[in-house]
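Working notes, structure below.
What's counted below: heavy atoms across the whole structure, side chains too, no hydrogens, waters or symmetry copies. Sequence lines set the chain letters: A, B, ... in the order given, protein chains first and strands last, and positions in each chain run from 1.
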Amino acid sequence: MRLPSFDPAPLVGALNPAQREAVMAPPQHRLVLAGAGSGKTRVLTHRVAWLIAAENVSPLSILAVTFTNKAAAEMRARIEQLVDVPIRAMWVGTFHGIAHRMLRMHYREADLPQNFQILDADDQLRLVKRVLKNLDLADDQWPPKTVAGWINAQKEEARRPQHFSDEGDFTQRQFVRIYSAYEESCRRQGVVDFAELLLRAFELTRDHAEIQAHYRRRFRHILVDEFQDTNTLQYRWLRTLAGADGILFAVGDDDQSIYSWRGARVEHMMRLTTDFPGCEIVRLEQNYRSTGMILSAANGLIARNSARLGKQLWTDSGDGEPVQLYAAYNEYDEAEFVVNRIREHVAAGHRYDDTAVLYRMGAQSRVLEEALIREHIPYRIHGGLRFFERQEIKDALAYLRLLHHRDDDTSFERVVNVPARGIGSTTVEKLREYARRHGQSLWAAAREGGDAVLGRAAARVREFLALIESMAAETKELSLSKTTERVIERSGLRDHYNKEKGEQAEARLENLDELISATRSFELSIEPPAEGQPALDPLTQFLTHAALEAGEQQAGPGEDCVQLMTLHAAKGLEFPVVFMVGMEHGLFPHVRATDEGKLDEERRLCYVGITRARQCLYMSYAERRRLHGVEQLCVPSQFLREIPHHVMVELRPRAHVVRQAFAPGAHGPYRREWGTPAPSHTPLPESLRQSQGPQGLALGQRVRHARFGEGTILQFDGDGERMRVEVRFQAAGTKWLMLSVANLQPA
DNA sequence: TGTACCCAGGTTTTT
DNA sequence: CCTGGGTACA
């Protein structure tokens with residue numbers, strides 16, 4: 001069927017030549033190398049609109065995949081504005097969302113129960129812990145986090161327990177054993193974790209010829225956002241879905257690949273041109289976000305990376321101001337600098353919203369927060385627990401889950417004694433043991449176990465079972481929101497948190513109320529199931545929603561406030577004024593990423609940070625910083641040296657500072673005053689150019705040690721007599737040495 | 001069952 | 001230094 005097409009000309013009228021080339025490309029594979037701020041989303045949405053308008057492609061033939069719900073929602077909304085045909089039936093979503101959708105439709109073929117539930121990361125960890133207990137493995141020897149990470153990594157490689165041979169070392173055999181038991185437990189409970197969603201969907205489309213043919217026939221065009229973030233499994237799935245005839249339109253930026261530690265493989269971008277025949281590259285290099293100075297800083301820095309696809313950002317909107325660098329005495333001084341500058345910007349007419357403070361580690365926010373609070377500057381921290389991840393919310397959801405799935409052990413264990421009802425760990429242990437021996441759920445064990453197993457606690461357990469049963473009966477006819485309301489009351493959760501004291505408890509009660517209103521608005525938004533989608537009950541839909549879209553991090557985003565976040569969290573955002581703080585070796589690049597292999601990704605992270613700024617970019621480092629309780633002598637980040645000197649100026653204090661004045665805790669009276677920025681030809685301070693350490697030793701310098709041989713200086717720590725130096729030796733590994741004792745010679 | 005203390009450990013995080 | 005998790009007691 002040909003849809004009524006409309007005039008496609010206005011679609012591309014406002015695009016620049018590179019954007020137009022991408023949008024109007026013939027129906028063939030394309031890799032769009034989209035620099036930061038080059039109109040990536042614009043190209044993606046216009047490409048979809050172009051396909052519909054000019055190529056007469058039905059929206060039903062298009063699959064658009066993103067990584068975050070936010071990006072998916074934005075894409076759909078913007079496409080909707082561009083085309084005048086209905087696109088409701090078009091598949092736009094996250095990898096996980098799309099996988100989930102397929103699994104719901106083909107749950108039989110995927111060998112899942114119709115009402116399967118989704119485990120989030122926290123649920124998964126709890127389940128791993130339980131599995132370890134069942135296998136009698138001590139969790140200090142088998143750290144649950146490590147185990148969960150390993151399992152997820154296997155799933156990302158599409159590896160199932162049965163793919164491992166019996167050989168392999170002891171550790172691996174144990175891992176496989178745990179993986180097996182974990183899978184079995186998931187199967188019994190009818191739950192899937194995040195990685196499993198993708199793996200099942202991949203296996204489904206790989207192994208079921210009919211389903212594979214169906215989707216290949218259907219999705220003629222597959223568009224993928226943030227392609228540099230695809231993991232192995234996602235890439236293979238895309239290839240399977242595309243088959244020989246599907247047309248891939250991938251958009252991404254290899255220079256912004258910062259999630260390799262999470263499985264993302266930037267190499268997939270490089271592989272596209274060979275795996276997808278005829279795939280041509282289109283570069284978007286014109287930047288519409290930042291000033292020329294900021295772009296030069298970014299270009300110069302990222303040029304040091306190897307194995308790039310290569311691109312150079314440019315703008316025609318002027319140079320702007322150079323990047324302003326501040327050498328703080330310590331982290332308090334740094335925070336004060338940030339706060340003062342924010343005040344100046346606000347006085348000059350900026351909103352708080354216009355400024356973002358970016359840091360490498362979440363732990364850096366505390367000192368900044370204190371300074372902001374002291375100055376009564378409103379701020380918001382991105383990151384941290386999201387709504388549906390909060391303890392009280394997960395408690396309530398666990399009760400809801402139990403109403404529908406008594407065999408959901410994860411939920412059972414979570415709330416069987418919340419609020420406390422006399423079912424302690426010993427009792428739960430007995431239940432677990434009984435359930436394990438009989439291959440049953442905890443619920444079944446609780447019902448059958450009886451007095452013989454549970455002794456005195458049996459009555460309490462029976463009460464709990466009766467509570468769940470009676471809540472289920474009472475809420476059978478009720479709407480989702482009424483059910484939720486009832487469950488929060490009847491379970492005793494509200495009383496439980498009512499009795500707790502403190503601000504925290506108050507917030508928890510508010511969150512429980514918020515949950516009720518969330519269910520209320522969710523009810524109103526429920527739409528009839530799309531094409532062939534089985535009608536799911538509202539509760540399952542809501543639980544899915546909760547797992548797949550964990551919600552906003554913090555309430556009140558409407559308020560005008562300074563934005564604090566990690567560099568990772570800043571990806572995809574932009575701000576007129578950006579502060580990058582903590583530009584110190586060991587902090588950024590992070591200590592655990594200072595070796596060659598990982599440095600490029602840190603540099604990309606720095607590149608991401610720089611390219612967030614529209615007009616004004618500040619960078620700062622502290623000469624001393626307290627980290628893990630000890631004061632460290634800091635060395636400026638090498639990234640500062642790697643930024644071309646002519647686009648950076650140092651802000652110099654007008655008055656000299658008496659260093660002793662900056663004793664810990666004493667920062668109030670010692671505020672520095674700032675002169676006007678030095679002219680841009682001001683040379684960088686000595687410290688930056690040479691990165692001199694103490695005693696004539698420099699960071700990164702090759703040195704010789706009498707016993708350990710040759711090595712490279714990684715960092716300095718401590719003061720005076722107690723100063724230590726970390727050296728990575730060729731043969732002897734990395735060591736901390738007392739500088740006064742080590743007698744290091746330049747090599 | 002709840003709390004007080006001890007100890008280890010301490011990037012980055014979406015789904 | 002600060003946090004979270006685990007253990008030891010009241």
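Within 4.0 Å of N69(A), counting heavy atoms only, lie sugar-phosphate atoms of the nucleic acid but no base atom. If you check every strand for non-hydrogen atoms under 4.0 Å, A547(A) touches nothing. Contacts of A195(A) with the nucleic acid, taken as non-hydrogen atoms under 4.0 Å apart, are absent.
A side-chain donor from one of Q228(A) and E226(A) sits under 3.5 Å from a side-chain acceptor of the other. With hydrogens and angles left out, the side-chain atoms of Y497(A) and N511(A) include no donor and acceptor closer than 3.5 Å.
The pair E369(A)-R366(A) does not meet the salt-bridge criterion, since no charged nitrogen lies less than 4.0 angstrom from a carboxylate oxygen.
Rounded to whole Å, the C1' atom of dG6(C) lies 24 Å from the corresponding atom of dT11(B). The P atoms of dG5(C) and dT12(B) are separated by 15 Å, rounded to the nearest whole Å.
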Quick test: give all pairs of protein nitrogen or oxygen and nucleotides 1-4 of chain B nitrogen or oxygen below 3.5 Å, distance rounded to 0.1 Å.
from   : atom 1 : to      : atom 2 : distance (Å)
dT1(B) : OP1    : G422(A) : N      : 2.6

Distances for protein N/O vs nucleotides 1-9 of chain C N/O pairs under 3.5 angstrom?
none

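A centroid separation of less than 6.0 Å is found between the aromatic rings of W261(A) and Y259(A). Taking the ring centroids of F639(A) and Y621(A), they lie at or beyond the 6.0 Å cut-off.
Remark: V367(A) pairs with E331(A), Y332(A), A335(A) by the side chain to side chain contact (heavy atoms under 4.5 Å, CB included) rule, at least two apart or across chains. In this structure, T566(A) has no side-chain hydrogen bond (donor to acceptor under 3.5 Å, both in side chains) partners at least two apart in sequence or on a different chain.
Sorted by first then second residue, the salt bridge (Lys or Arg N to Asp or Glu O under 4.0 Å) pairs that include residues 414-425 of chain A, not counting sequence neighbours, are D122(A)-R414(A), D395(A)-R414(A).
Taking the 5.5 Å centre cut-off and the 30° plane limit, the aromatic side chain of H568(A) is not classed as stacked on dT12(B). The aromatic ring of F67(A) does not stack onto the base of dT15(B), failing the criterion of a centre distance under 5.5 Å from the six-membered base ring together with planes under 30° apart.
For NZ of K394(A), the number of neighbouring non-hydrogen atoms (other residues, nucleotides, ligands) closer than 6.0 Å is greater than 12. For R308(A), the CZ atom is densely surrounded, since the number of other residues' heavy atoms within 6.0 Å is greater than 12.
Across the protein-nucleic acid pair, H100(A) atom NE2 and dT15(B) atom C1' stand 12 Å apart, rounded to whole Å. When the C1' atom of dT14(B) is taken as reference, atom CD1 of I118(A) falls 14 Å away, rounded to whole Å. R262(A) places its CZ atom 13 Å from the P atom of dT12(B), with the value rounded to the nearest Å. One atom, CD of Q256(A), and another, C1' of dT12(B), lie 16 Å apart when rounded to the nearest Å. Going from atom NE2 of H96(A) over to atom P of dT14(B) covers 12 Å, rounded to whole Å. Atom CZ of F194(A) and atom P of dT13(B) are 16 Å apart (whole Å).
In this model, a side-chain donor or acceptor of R360(A) finds a partner on the base of dT12(B) within 3.5 Å.
Less than 4.0 Å separates DNA chain B from at least one heavy atom of each of the following residues of residues 600-609 of chain A: E602(A).
In this entry the base of dT12(B) is anti relative to its sugar, with a glycosidic angle more than 90° from 0.
Residue E389(A) has its side chain nearest to dT15(B) when only dT15(B), dT11(B), dT14(B) are considered.
Between A363(A) and E549(A), the residue anchored nearer the 5' end of DNA chain B, judged by the nucleotide with its closest heavy atom, is A363(A).
For dT13(B), one of the phosphate oxygens OP1 or OP2 lies less than 4.0 angstrom from a side-chain nitrogen or oxygen of T566(A).
No donor-acceptor pair under 3.5 Å is formed between the side chain of R130(A) and the backbone N or O of R126(A). Remark: side-chain polar atoms of R460(A) are not paired, donor with acceptor, to backbone N or O of I423(A) under 3.5 angstrom.
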